[in-house]
Undergrad: 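Here it is, the structure in full.
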Amino acid sequence: MEESISSQHVDLAKDVLNNLDFSVPREALYATLSKYLPYDEYLSVARTLTRSYAFLIPLFPVHATRTTALVLESRLGSVSASLAAHFHSILCIPATPLDRAFTERRIQQNKIQNVTVLAANKSLDEELTAVELGVIVLWGFPQLTEGHEIGTDSYSWQSFIRLTNLRIGAQGILIIADNNARDYRKWKTMAGLANCIKSSGRLTIPAAGRLMSAHGLRERVYFAGKSTLSPDFWPPPEFISGSESPAAFPYGGNPAKDRAVRTRLLKRFWPAFLFLGSRQRYPSDLDALFMESGVAERVGWAAHEKILVRKLVAGNADTTVIIAGPENRYDADVVVRIPDSEEGRIRCETNVMSLGILERSPIANRTPKLHATGMWHGRMYSVESRCTGREFLGSRHKSKMDMAVRKACEMLLRYHEQSCVRQPVTEQIYRNVVESTLTVASRFSDARTNSRIDILNQQLHEVLTDSEMAIGHTHGDFKLGNILFDHRLEACAIIDWDYAQNQGMPLLDYLTCLIYQLAQESGRLRQVYIEQILPWHLSATAAKVVEEAVTRLGLSETQFLALRIVLWFTLTRDRFDPCFMAQPGWRLEYHEHILGHIEKQSRRLG
């Protein structure tokens, strides 16, 4: 049964709405939300408001963006706002009255001219009579039952779908998507603002499939784990990649997940999914990109081969990442990156730069090869080869994980020994590697905390600037998720170089790998840093890889401590979205509390 929503929560939601200014930068928007909302609700609403859904665009038909799209959503207008720039016009139907109020304010303040907000009531028949829709998107809506109350009117969803389906052109498509069940339960049991703006219940995969079939639409199903979507693997693709079965890679992944992906019943009830239905198969925007950029010819795709989207990572680091390749083989797959924001563009350009450097390096055969980069419909894109191997995200056998990490670090360390140059740390290098991470922390802190960060910056500057150390091309996000292994746990490839630095401090790569490994085993990143990494209280086995890197890279004890301090600020900058940093509770826990531990250790810097 749906929980009741108290009047005070509705009043709170209205207070938030009345004080929001959608035209300001994200950080100012976060500041307003954090002033009114408790921690959990703040994160839910902040991430909903700022999430991009532009990752859908490559799936649409080439012609679709010249048509009208109908969007039914419970995402505070985020889906409509994300797609507005890509369509001639958008008709938006929000899920609730409050959702509608947020959407209208957002559209007005951001001056989005081609979005019209409608109500789902019986007059909708007349409003849509003359409209031929290229795309219909149902995102995060309640299950399709007769007479479900939506907005301010009771309306039959079956009748609505029958109506809108008649408006889909011959080459139009219908998208139905629903969130992860765990996230849904959080929304439903949260008696606060999140509950006010989120619709109840959830779609099921069988229900969505029946809806598609009933209206003569050919379906493609994208099953999702977290934000990842894929049509071709019935378990979420972050659990299985390629055509190998779990048995072919017995030590990879979480044991519970390995058991789960063997259960075919899961296919029908996997909680997060995206259905894409069309009357006929069509060349997508992505297909056109492959042809016009020359990628299809460059990677050896035959003209008769059907190209599938194998995996779609939605908005990771503000970038859409797509894995695609021929339907019946896996030896010519590619990875496409399309940034959705300025931050995403910077990351994409960094990855392109790094692949150019790596092409001439000793590990060129262990890294992706860049096939193409350019602009597509006003958005940057890059296409690279998909490396063989698979992620190794955990094991019941700790010795297996230790061995995998050791082999991967050895491969990268040999590259660093050959490519890095021992030189003094210049002011420019210090600013790019160290001071930039402290600046991000300062941007969200109060005056007192900023003064403490300034003192720490002075200490680190004194220790590192003009001191000699190995400087060179670093990965920046070196962790198990970005390393691919074969069935013998030999490192096959290092991928995702979008946080790389051309003149970085390589020890940070090995510290990053170690802290993620230890945190994965314990589930506690902060505690691992405070209790083990910062004071360097580790077992001989855990410390071995990093200590060997310290020796081979020629670092002093003082430099080693300084880089362990820098590590935390690098992690919080790259791991956490700014919406976290803008929340006072998060800052207290992840910055101010840990800053106290860092200050105690920094006394040893001299």
Undergrad: Given Ser602 and Ile565, is the side-chain contact (heavy atoms from CB on, under 4.5 Å) satisfied, shown in steps?
TA: CA-CA 8 Å; Ser602 68; Ile565 291 172; 4.2 Å; yes
Undergrad: Tell me, yes or no, whether the heavy-atom count around Lys369 atom NZ, taken from other residues, nucleotides or ligands under 6.0 Å, exceeds 12.
TA: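 12 or below, so no.
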Undergrad: Distance only, no hydrogens: is a donor on one side chain within 3.5 Å (strictly under) of an acceptor on the other, for Asp454 and Ser451?
TA: no
Undergrad: Testing the 3.5 Å rule here: is there a donor-acceptor pair between the side chains of Thr32 and Asp21?
TA: no
Undergrad: Do Ile338 and Pro58 have side chains that get closer than 4.5 Å, going by heavy atoms?
TA: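 Yes, close enough: below the 4.5 Å cut-off.
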Undergrad: Kindly confirm or rule out a cation-pi arrangement of Arg526 over Tyr590, judged by NZ or CZ under 6.0 Å from the six-membered ring centre and within 45° of its axis?
TA: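 Yes, Arg526 sits over the ring of Tyr590.
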Undergrad: Taking Arg310 first and then Asp333, would you say they form a salt bridge - that is, a charged N and a carboxylate O separated by under 4.0 Å?
TA: yes
Undergrad: Ignoring hydrogens and angles, tell me if any N or O in the side chain of Arg379 forms a donor-acceptor pair with the backbone of Met375 under 3.5 Å.
TA: no
Undergrad: Which class fits the ring pair Trp586 and His591: parallel under 30°, tilted 30 to 60°, perpendicular over 60°?
TA: perpendicular
Undergrad: Any Lys/Arg nitrogen of Glu417 or Arg414 sitting under 4.0 Å from an Asp/Glu carboxylate oxygen of the other?
TA: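 Looking at Glu417 and Arg414, the cut-off is not met.
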Undergrad: For a 4.5 angstrom cut-off between non-hydrogen side-chain atoms, does Arg390 reach Asp486?
TA: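 Sidechains of Asp486 and Arg390: no contact.
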Undergrad: Using a 3.5 Å distance criterion without hydrogens, assess whether the side chain of Thr465 forms a donor-acceptor pair with backbone atoms of Glu462.
TA: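 Looks like no, no N/O pair under 3.5 Å.
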Undergrad: So do Asn482 and Trp497 actually touch side chain to side chain, heavy atoms under 4.5 Å?
TA: no
Undergrad: Could you label the plane-to-plane angle of the His597 and His593 rings as parallel, tilted or perpendicular, counting under 30° as parallel and over 60° as perpendicular?
TA: perpendicular
Undergrad: Is a donor from one side chain sitting under 3.5 angstrom from an acceptor on the other, for Gln501 and Asn432?
TA: no
Undergrad: Has the side chain of Gln559 got a donor or acceptor atom that lies under 3.5 Å from a matching backbone atom of Glu468?
TA: yes
Undergrad: Check whether any side-chain heavy atom of Val425 sits under 4.5 Å from a side-chain heavy atom of Met505, and report yes or no.
TA: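 With C-beta onward as the side chain, the pair touches.
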Undergrad: Just wondering, are more than 12 heavy atoms of other shown residues or ligands nearer than 6.0 Å to CZ in Arg443?
TA: yes
Undergrad: Between the main-chain N or O of Gly585 and the side-chain N or O of Gln583, is there a donor-acceptor pair closer than 3.5 Å?
TA: yes
Undergrad: Hydrogens and angles aside, do His461 and Glu427 bring a side-chain donor and acceptor to less than 3.5 Å of each other?
TA: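 Yes - a donor-acceptor pair under 3.5 Å links their side chains.
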Undergrad: More than 12 foreign heavy atoms under 6.0 Å from CD of Glu27: is that the case here?
TA: yes
Undergrad: Could you tell me if the side chain of Phe560 sits less than 4.5 Å from the side chain of Leu507, heavy atoms only?
TA: yes
Undergrad: Is the backbone N or O of Arg564 less than 3.5 Å from a side-chain atom of Tyr529, with the two atoms forming a donor-acceptor pair by type?
TA: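 Confirmed, Tyr529 side chain pairs with Arg564 backbone.
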Undergrad: Looking at Glu384 and Arg337, is any side-chain nitrogen of the basic one under 4.0 Å from a carboxylate oxygen of the acidic one?
TA: yes
Undergrad: Judged by modelled atom types alone, do Tyr415 and His475 share a side-chain donor-acceptor pair under 3.5 Å?
TA: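 There is no such pair between these side chains.
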Undergrad: Step by step, work out the side chain to side chain donor-acceptor pair (under 3.5 Å) result for His473 and Gln503.
TA: CA-CA 6 Å; His473 186 225; Gln503 286 193 301; over 6 Å; no
Undergrad: Measure the shortest side-chain to side-chain distance between Asp509 and Asp477 over non-hydrogen atoms and say whether it is less than 4.5 angstrom.
TA: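 They are not in contact (no side-chain heavy atoms under 4.5 Å apart), so the answer is no.
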Undergrad: Please determine if Glu410 and Arg552 form a salt bridge, counting it only when a charged side-chain N lies under 4.0 Å from a carboxylate O.
TA: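 So Glu410 pairs with Arg552 through a salt bridge.
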Undergrad: Would you indicate whether the side-chain heavy atoms of Gln517 and Asp402 approach each other to under 4.5 Å?
TA: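 With C-beta onward as the side chain, the pair touches.
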Undergrad: Hey, does Val309 have a side-chain heavy atom less than 4.5 Å from the side chain of Leu286?
TA: yes
